[in-house]
Amino acid sequence: MINGASLHRDNHYVPRGYLKRFAAPDGHVWCYRTLVSHPQVPVWKPSSVRGVAYHSHLYTRMAAGRETDEVEKWLDQEFEAPAKEALRKATSGARLTRDDWGCLVRFLAAQDVRTPARLIESLERWHQTLPVLLASTLEDSVRKLELARASGRSVTEARLPFRDYVPLRVTTEIQAGEEFGQLKSELVVGRGLWLFLIRHLLTRTAKVLHRHRWTILTPPRDLNWFTSDDPVIKLNAYGDGKYDFKGGWDNPGTEILLPLSPRHLLYTQIGRQPPSREHAMPRYQADLIRRFCAEHAHRMIFAASSDADVPVLRPRIVNAELLREENEVWRKWHEDQTIAERKLMGWTET
């Protein structure tokens, strides 16, 4: 039985241990919000690391009608905790072992897939593509069943890892007196599907990241790195100042970046030899990276001190109604997802 009292409810999608490396000497991290309700909201505000970059029940999963925080615990045990010592070494100039680099890369992979920005991106894509995909998959399954039946062969069900994460129901509708009917598939496009994607990517796809050559980049003395609520950047640069953030984990030429502290940034360019970590990078390159970090942020940028360049690099949006709408979505996130999954799967509250 799940013990509700021990359930992790406030799920930090940017780990506190990571954010502490961007904290000021007093332990607070300076926060710049890209969406505010009115112009008088302070541009920068010192905040507790515990009080930012989390949503209630972001990773809570429904399993047989009950709440479980297994994904939150899995992310901590498999990606956050193993990276603690590697992060300490990387941000103190210590020598990194092969295992340390592996821990850093796994941490980067988890941070890339677990943010609200990645959830929103996935939901938008799924709403466009899943109806057609479900229909074609169902038609293909029916075709295979008919062929197997005609040939007298049995059909073996494929067991996809973490399949039970996906709130999917397939039903058969057969009219009375009829031999054949229709198959119907229904799916909740939301949290369960996203958590399935997270586990699939981090247990299988993320292995490609370990093939690349990684380094630590240091900015000039008068500049510092900052980070955000969507800190992993996958950059495609096309020349003439053109670029986008649609790179992939194994796309040749894609540059992958993750700030680790105000003075350290994890970096690779797929298919290229990385620059040496022994020297500070040229200022124009550091300025570009700071621009990318600001532009890639979703709703928050974090720094060890108020940075005068950030409001220029990423002007904030003043829109009280939009902010209220977003806050309401997250306030009702757990309830709405839970109700939808219970209704589809026929689970009753226990």
Side-chain angles (χ1 to χ4, degrees), residues 14-15 17-18 21-22 75 78-115 118 198 200-221 223-228 230-239 241-293 295-296:
V14 181
Y18 167 78
R21 302 191 177 279
F22 293 87
L75 287 169
E78 297 295 324
F79 301 92
E80 293 178 40
K84 287 181 179 178
E85 178 62 11
L87 284 168
R88 184 196 67 78
K89 287 184 177 180
T91 57
S92 64
R95 179 180 176 275
L96 293 169
T97 66
R98 184 183 183 89
D99 286 344
D100 292 329
W101 285 108
C103 288
L104 289 177
V105 171
R106 283 172 55 79
F107 180 84
L108 175 145
Q111 196 52 53
D112 188 24
V113 301
R114 67 184 294 180
T115 64
R118 198 63 59 244
I198 287 175
H200 174 76
L201 289 174
L202 294 182
T203 55
R204 296 195 171 193
T205 313
K207 294 176 182 178
V208 301
L209 289 167
H210 296 275
R211 303 173 187 167
H212 310 322
R213 302 289 299 275
W214 297 84
T215 190
I216 306 291
L217 299 182
T218 304
R221 289 185 178 182
L223 289 180
N224 283 320
W225 304 130
F226 46 80
T227 191
S228 77
D230 194 18
V232 177
I233 300 167
K234 301 187 294 293
L235 175 75
N236 288 330
Y238 303 106
K242 297 179 180 179
Y243 59 88
D244 63 41
F245 301 130
K246 299 179 181 180
W249 285 352
D250 204 27
N251 290 358
T254 289
E255 298 173 72
I256 306 178
L257 312 90
L258 171 65
L260 301 179
S261 81
R263 303 297 302 165
H264 305 86
L265 181 138
L266 185 61
Y267 173 87
T268 189
Q269 184 172 17
I270 298 171
R272 304 285 180 84
Q273 180 72 20
S276 170
R277 62 176 295 192
E278 300 300 325
H279 306 288
M281 64 190 312
R283 185 182 182 92
Y284 77 93
Q285 290 182 344
D287 284 336
L288 278 175
I289 289 177
R290 281 164 51 86
R291 174 178 295 278
F292 299 148
C293 290
E295 292 179 356
H296 194 261

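Nothing here was measured: the structure is a model prediction, and the numbers come from that model. The figures here come from the full heavy-atom set of this structure, side chains too, leaving out hydrogens, waters and symmetry mates.
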Stepwise side-chain contact (heavy atoms from CB on, under 4.5 Å) check, Ile233 with Leu258: CA-CA 7 Å; Ile233 300 167; Leu258 171 65; over 6 Å; no
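- Residues Leu209 and Ile256 have side chains in contact (heavy-atom distance under 4.5 Å, counting atoms from C-beta outward).
- Within the 3.5 Å criterion, the main-chain N or O of Glu78 finds a donor-acceptor partner in the side chain of Arg106.
- In terms of heavy-atom proximity, Asn251 sits nearest to Lys246 at ND2-O, 4.5 Å.
- Among pairs with a residue in residues 84-96, those fulfilling salt bridge (charged side-chain N to carboxylate O under 4.0 Å, His left out) read Glu85-Arg88, Lys89-Asp100, at least two apart in sequence or across chains.
- For the atom pair OG1 (Thr268) and CG (Leu257), the distance works out to 9.5 Å, reported to the nearest 0.5 Å.
- In this structure, His296 contributes its side chain and Asp230 its backbone to a donor-acceptor pair below 3.5 Å.
- In terms of heavy atoms, Ala83 sits closest to Cys103 at CB-O, 3.9 Å.
- Remark: the backbone N or O of Pro274 is not paired with any side-chain donor or acceptor of Thr215 at under 3.5 angstrom.
- Within the 4.5 Å cutoff, side-chain heavy atoms of Asp250 are placed close to those of Arg211.
- Looking only at atom types and distance, the side chain of Tyr243 has a donor-acceptor partner in the side chain of Glu295 under 3.5 Å away.
- Nearest heavy atom pair, residue Met281 against residue Pro220, reads O-CG, 3.6 Å.
- A donor atom on one side chain and an acceptor atom on the other are not found under 3.5 Å apart for Arg263 and Thr218.
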Phe79 and Leu202: CA distance, side-chain angles, deciding distance, side-chain contact (heavy atoms from CB on, under 4.5 Å) verdict: CA-CA 9 Å; Phe79 301 92; Leu202 294 182; 3.7 Å; yes
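- Although no hydrogens or angles enter the test, the distance criterion places a donor-acceptor pair under 3.5 Å between the side chain of Gln269 and the main chain of Gly253.
- Nearest heavy atoms, Arg272 versus Arg213: O-CB, 4.4 Å.
- Salt bridge absent: Arg291 and Asp287 never bring a charged side-chain N and a carboxylate O closer than 4.0 Å.
- Here the rule is side chain to side chain donor-acceptor pair (under 3.5 Å) with Trp249, and of Asp112, Thr205, Thr254 only Asp112 fits it.
- Annotation for Ala90 and Leu260: closest pair CB-CD1, 4.0 Å, computed over non-hydrogen atoms.
- Classified by interplanar angle (parallel below 30°, tilted 30° to 60°, perpendicular above 60°), the ring pair Phe107/Tyr18 is tilted.
- When atom types are taken as modelled, the side chain of Trp101 and the backbone of His210 share no donor-acceptor pair closer than 3.5 angstrom.
- Heavy-atom minimum distance, Ile289 versus Leu217: CD1-CD1, 4.1 Å.
- Between Leu104 and Leu87 the shortest side-chain heavy-atom distance falls below 4.5 Å.
- Under the 4.5 Å side-chain criterion, counting only non-hydrogen atoms from C-beta, Gln111 is in contact with Arg114.
- Between the CG atom of Asn236 and the CD1 atom of Ile270 there is a distance of 8.5 Å, given to the nearest 0.5 Å.
- For the pair Phe226 and Cys293, the minimum side-chain heavy-atom distance is below 4.5 Å.
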